[in-house]
Protein chains: 2
Amino acid sequence: MSKKSLPVVDVTGPGDVGADECCSSLTSEPLGEERAVELARVFKAMGDPVRLRLLSLIASNQGGEACVCELTGVFDLSGPTISHHLKVLREAALITGERRGTWVYYRVVRERLTQVSMLLDLAPAT
Amino acid sequence: MSKKSLPVVDVTGPGDVGADECCSSLTSEPLGEERAVELARVFKAMGDPVRLRLLSLIASNQGGEACVCELTGVFDLSGPTISHHLKVLREAALITGERRGTWVYYRVVRERLTQVSMLLDLAPAT
DNA sequence: TCCTTGTTTCGACGGTTGTCGATACAGAGG
DNA sequence: CCTCTGTATCGACAACCGTCGAAACAAGGA
């Protein structure tokens, strides 16, 4: 129906995937179903080689951001495919995109990765 | 052809998914294609709510291990399905299984989770 | 030996995902 | 206005994935 004028900025997905409950580890307690669904979305987004490389390319690039035009050339894939992968990462809140003039720049959401990292950071064995 | 007598212990998957190159972060350098494929396997294994809960159930259980019989009851899923998910986690080297008498016990591979956690642990922004 | 219970494998089914080409949208510059 | 380039969406297709029931395998007990 209504067309959005800022297709990049829109929070296409379900938005924040439970960012509040930040400090529970996998080992502390059995991980409820809802939270598991939220987390699985993030891991699934990272479960593709191309998306993992995109994430790394953006994160390691000068200034912590990268233009889409810099990313498409790296892979032997079509433009739409790269755009699709970026959308998946966006919907998992792992990256954010911003249009500046002609080009669109993406940067990683650092808190997101930190959050996941902490989840996997196991306390010493009981 | 030849049937294996210990179906649980066999390293069904491609084995170690690049466990040696442990200390590179996502942000340090662009992440080569091969390594991306290896890591994607691990994240894909964690990209399912059921598998995530299985991982958490095993990790948080008494003694750091859990019997399959304790896991099947938790979910509204058939036995074969649970077994399938455990196999995926096993092939990603996230858990290991051991048969003791009638029952099979699984435990998490802690170094594996630590390894992934370190990968996502970003250095402070440039 | 046969039976029973726990676990895995097999074969099949529907739903999801990665990929593409075609198309539409956004902005810059004639 | 029109055109050109960069990016996103759409529609379709094959491949993959989660699930099940049926069947096979493993170990223990009658």
Side-chain angles (χ1 to χ4, degrees), chain A residues 1-13 33 36-37 40-41 43-54 58 65-73 75-92 95-106, chain B residues 1-13 36-37 40-41 43-54 58 65-92 95-106:
Chain A
M1 320 299 184
S2 62
K3 56 191 67 175
K4 316 184 175 182
S5 49
L6 270 182
V8 169
V9 181
D10 70 343
V11 190
T12 326
E33 179 172 4
V37 171
R41 250 194 291 265
F43 284 119
K44 199 182 305 184
M46 291 197 281
D48 181 278
V50 174
R51 289 198 288 269
L52 227 35
R53 292 179 69 195
L54 283 171
I58 296 169
E65 68 179 12
C67 170
V68 175
C69 58
E70 301 179 79
L71 301 172
T72 47
F75 303 90
D76 203 15
L77 293 172
S78 70
T81 298
I82 297 297
S83 189
H84 162 69
H85 285 306
L86 289 171
K87 181 178 182 179
V88 173
L89 290 172
R90 226 165 55 217
E91 289 178 352
I95 60 175
T96 57
E98 179 196 1
R99 167 157 244 142
R100 289 206 291 275
T102 304
W103 295 281
V104 176
Y105 293 87
Y106 280 98
Chain B
M1 320 307 180
S2 62
K3 55 191 67 175
K4 314 182 176 184
S5 49
L6 269 181
V8 170
V9 181
D10 70 345
V11 189
T12 326
V37 171
R41 247 194 294 264
F43 284 119
K44 200 182 304 184
M46 290 196 282
D48 182 276
V50 175
R51 288 198 289 268
L52 227 36
R53 291 179 69 195
L54 283 170
I58 296 170
E65 67 180 12
C67 170
V68 176
C69 57
E70 301 178 80
L71 301 172
T72 47
V74 176
F75 303 90
D76 204 15
L77 293 171
S78 69
T81 298
I82 298 296
S83 189
H84 162 69
H85 285 306
L86 289 172
K87 182 178 183 178
V88 173
L89 290 172
R90 226 165 56 218
E91 290 179 352
I95 60 175
T96 56
E98 179 196 2
R99 168 157 244 142
R100 288 208 291 274
T102 304
W103 297 280
V104 176
Y105 293 87
Y106 281 97

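Residue numbers begin at 1 in each chain, while the letters A, B, ... track the order of the sequences. Just the heavy atoms: all of them, side chains too, but no hydrogens, waters or symmetry mates, feed the values below.
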May I have the distance from [X] (atom [atom1]) to [N] (atom [atom2]), rounded to whole angstrom?
X	N	atom1	atom2	value
A:K87	C:dG18	NZ	C1'	14 Å
A:L86	D:dA8	CG	C1'	10 Å
B:L89	C:dT8	CG	C1'	15 Å
A:W103	C:dG29	CH2	P	9 Å
B:I82	C:dT7	CD1	P	12 Å
A:R99	D:dT5	CZ	P	16 Å
B:E98	C:dG6	CD	C1'	16 Å
B:Y106	C:dT7	OH	C1'	8 Å

Carefully, step by step, assess B:L86 and B:I58 under the rule side chain to side chain contact (heavy atoms under 4.5 Å, CB included). CA-CA 11 Å; B:L86 289 172; B:I58 296 170; 4.3 Å; yes
When rounded to the nearest 0.5 angstrom, what is the spacing between OG1 in A:T72 and CD1 in A:I82? 7.0 Å
OG on A:S83 to CG on A:L71, rounded to 0.5 Å: 11.0 Å
For nucleotides 16-19 of chain D, which of its nitrogen or oxygen atoms have a protein nitrogen or oxygen under 3.5 Å away, and what is each distance?
residue	atom	partner	partner atom	Å
D:dG18	OP1	B:R51	NH1	3.3
D:dG18	OP1	B:R51	NH2	2.9
D:dG18	OP2	B:R51	NH1	3.4
D:dT19	OP2	B:H85	NE2	2.3

For A:G101, answer base if it contacts any base atom (sugar-phosphate contacts may also be present), sugar-phosphate if it contacts only those atoms, and nothing otherwise; contact means non-hydrogen atoms under 4.0 Å. sugar-phosphate
Regarding A:S83, tell me which of base, sugar-phosphate or nothing describes its non-hydrogen contacts under 4.0 Å with the strands shown. base
Can you name the nearest heavy-atom pair linking [X] to [Y], along with the distance?
X	Y	result
A:R51	A:K44	NH2-O, 3.3 Å
B:P49	A:A36	O-CB, 3.8 Å
B:M46	A:F43	O-CB, 3.5 Å

